[in-house]
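For reference, the structure is listed below as structure tokens.
We count ligands from 1, going down the list as the structure has it; atoms in each ligand are counted the same way. All values derive from a computational prediction rather than experimental measurement.
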Amino acid sequence: MATTAAAKRKPTPPLVPFRTHSPQPNASKDTPLTHVFFHQPTSTWTYLVVCPTTRKAAVIDSVLDFDPVTNTVSTETADGEVVKYWDSNEEPAVVLRGGETLRADVVIVADGVHSPARWLLTPHARKAAEKIPSGYSVHRSAISAEKLKADSRCSHLLDGTIRTWLGPDAHACTYPLDNGNGLAFTYTHRDDGSLASLDWRDKKPIAGMLKELQGWDPVLLAALSHFPSSLHWTIVDEKPEEEWISAGGRICFVGDSVHPMMPTAFQGGSQAIEDAAAIALCLALTGGRPDGVPLALETYEALRRPRIKEAQALGKLQQDLWHQYLPPPAARRRRLSRSSDSSTNAPGPSRPSLCPLTFALYDYDVENYVLEHFETFARAIDPDFVLKTSWREDAARKANIALD
Ligand SMILES: Cc1cc2nc3c(=O)[nH]c(=O)nc-3n(C[C@H](O)[C@H](O)[C@H](O)COP(=O)(O)OP(=O)(O)OC[C@H]3O[C@@H](n4cnc5c(N)ncnc54)[C@H](O)[C@@H]3O)c2cc1C
């Protein structure tokens with residue numbers, strides 16, 4: 001199959017690195033040289049790290065296909081859109097848009113918050129988690145930093161620090177990207193459901209948002225004025241999907257496709273990565289055998305659900321804390337004071353700490369957790385399961401964990 005793919009691949013001219021980081025003059029002779037490549041169409045940065053002595057090299061973020069013979073990259077694999085899933089209790093498969101069918105012992109679906117797989121897989125049988133509008137929406141965008149760098153009012157926002165501004169029932173964050181060469185922002189605000197949409201392409205000119213932000217910090221406004229537009233999404237309170245595994249027991253969802261997080265959890269990416277680490281170990285702990293896949297996936301789900309629930313709840317709580325930090329705007333206050341519900345007139349809680357709650361989730365090692373608890377959870381699902389020492393040792397070796 002590899003030969004066929006190589007033969008089909010269209011030749012592309014050798015890439016010129018965007019930048020090359022040379023070692024400092026006093027560095028050891030083994031200090032690697034890093035070539036940075038940028039692929040505009042996919043906005044992907046790929047790093048080629050080369051040891052000058054051994055000439056060994058590693059490709060980091062190898063989302064692109066890399067041909068070491070011609071030193072060229074292509075996006076053939078990354079472009080392989082899955083258009084169909086074959087659920088099976090023996091050999092599930094995915095079908096790519098080009099018609100290629102890939103069969104496997106297990107299929108891990110990580111197709112993001114809009115997960116087409118949820119519908120492709122079992123469009124009728126699967127009950128989708130209810131999407132309840134949270135009463136808030138979020139503007140998001142990212143730009144490269146040329147104009148920001150030249151603007152002394154806000155160029156310091158590129159200094160590597162994530163900053164948060166709190167407003168009445170609203171907050172905004174800026175995120176420097178790519179070593180200060182880009183900036184992203186989010187602005188989350190009250191929305192009764194009429195302003196934004198669930199369509200991820202719902203792009204709005206920035207002017208409307210800036211109007212809403214009148215009176216906010218001039219530094220933030222200066223930075224945001226460089227963004228031409230933003231994506232404007234409704235935030236929904238999404239519970240994790242009820243089903244994480246296909247009926248055949250061999251196709252499993254991870255990340256946003258099965259448990260989206262509110263932006264204020266700052267955990268969507270982290271939990272997706274934890275899922276991936278957990279699932280890899282679960283497969284190893286059932287011996288890395290095709291027969292072990294169904295139990296590995298079920299145990300993965302059982303191990304992960306409580307952690308996901310905690311991260312999701314924390315995102316909601318964080319938003320509430322930040323949005324109630326300042327008194328509501330006058331109009332809203334008037335509305336609240338007219339309310340007959342006495343609880344809405346109660347004085348607000350004392351001001352909470354501004355420290356992001358997400359920090360509480362950092363002191364957790366998913367691989368250690370899975371290694372420690374896998375057997376208990378697996379036996380709750382299959383009382384006959386016996387964890388072989390060799391499987392445990394293999395899993396620990398893969399996770400680089402020393403066993404007692
Ligand atoms: C502005 C912003 C700030 C954020 N900050 C943080 C943060 O600080 N910390 C954090 O942990 N998270 C953060 N997140 C959230 C994080 O980016 C997501 O939760 C995370 O990317 C989810 O990972 P995923 O792999 O599940 O899905 P995604 O990263 O969405 O990946 C899904 C992939 O599947 C592909 N795909 C979809 N359909 C198909 C198909 N049919 N065939 C093939 N491929 C398909 C998509 O093209 C996409 O590449 C932030 C998000 C945003 C937008």
Discussion item. Under 4.0 Å from a heavy atom of G255: which atoms of ligand 1 are those, numbered in the order shown and with their elements?
Written reply: 26 (O)
Fill in: Side-chain donor/acceptor of R118 to backbone N/O of S257, under 3.5 Å
yes
Discussion item. Are W233 and Y136 packed together at the side-chain level, in the sense that at least one heavy-atom pair is separated by less than 4.5 angstrom?
Written reply: no
Worksheet item: Has ligand 1 got any nitrogen or oxygen that is less than 3.5 angstrom from a nitrogen or oxygen of V82?
Response: yes
Fill in: Y175 N/O under 3.5 Å from ligand 1 N/O
no
Item to complete: May I ask which of A272, G112, P260, A184 has a heavy atom nearer to atom 30 (O) of ligand 1 than the others do?
Response: G112
Item to complete: Apply salt bridge (charged side-chain N to carboxylate O under 4.0 Å, His left out) to E301 and R305, showing your working.
Response: CA-CA 6 Å; E301 177 180 341; R305 268 191 187 275; 3.0 Å; yes
Worksheet item: Under 3.5 Å, is there a donor-acceptor pair between the side chain of N181 and the main chain of D178?
Response: yes
Worksheet item: ligand 1 versus R140, non-hydrogen atoms closer than 4.0 Å: side chain, backbone, both, neither?
Response: side chain
Discussion item. With the threshold set at under 4.0 angstrom, would you say P116 reaches ligand 1 through any of its heavy atoms?
Written reply: yes
Discussion item. For ligand 1 and G269, I'd like to know whether there is a polar contact (N/O to N/O, distance under 3.5 Å).
Written reply: yes
Fill in: Interatomic spacing from CG in L281 to OG1 in T299 - rounded to 0.5 Å
12.5 Å
Worksheet entry | Closest to atom 1 (C) of ligand 1 (judged by heavy-atom distance), picking from T174, T186, V254 | T186
Discussion item. For the backbone of I251 and the side chain of S246, can you confirm whether one donor and one acceptor N or O come within less than 3.5 Å of each other?
Written reply: yes
Worksheet item: Would you say W86 has more than 12 foreign heavy atoms packed within less than 6.0 Å of its CH2?
Response: no
Worksheet, complete the sentence: The option among V113, D111, D256 carrying the non-hydrogen atom nearest to atom 24 (P) of ligand 1 is D256
Discussion item. With heavy-atom distances below 4.0 Å as the criterion, list the atoms of ligand 1 near E81.
Written reply: 40 (C), 41 (N), 42 (N), 43 (C)
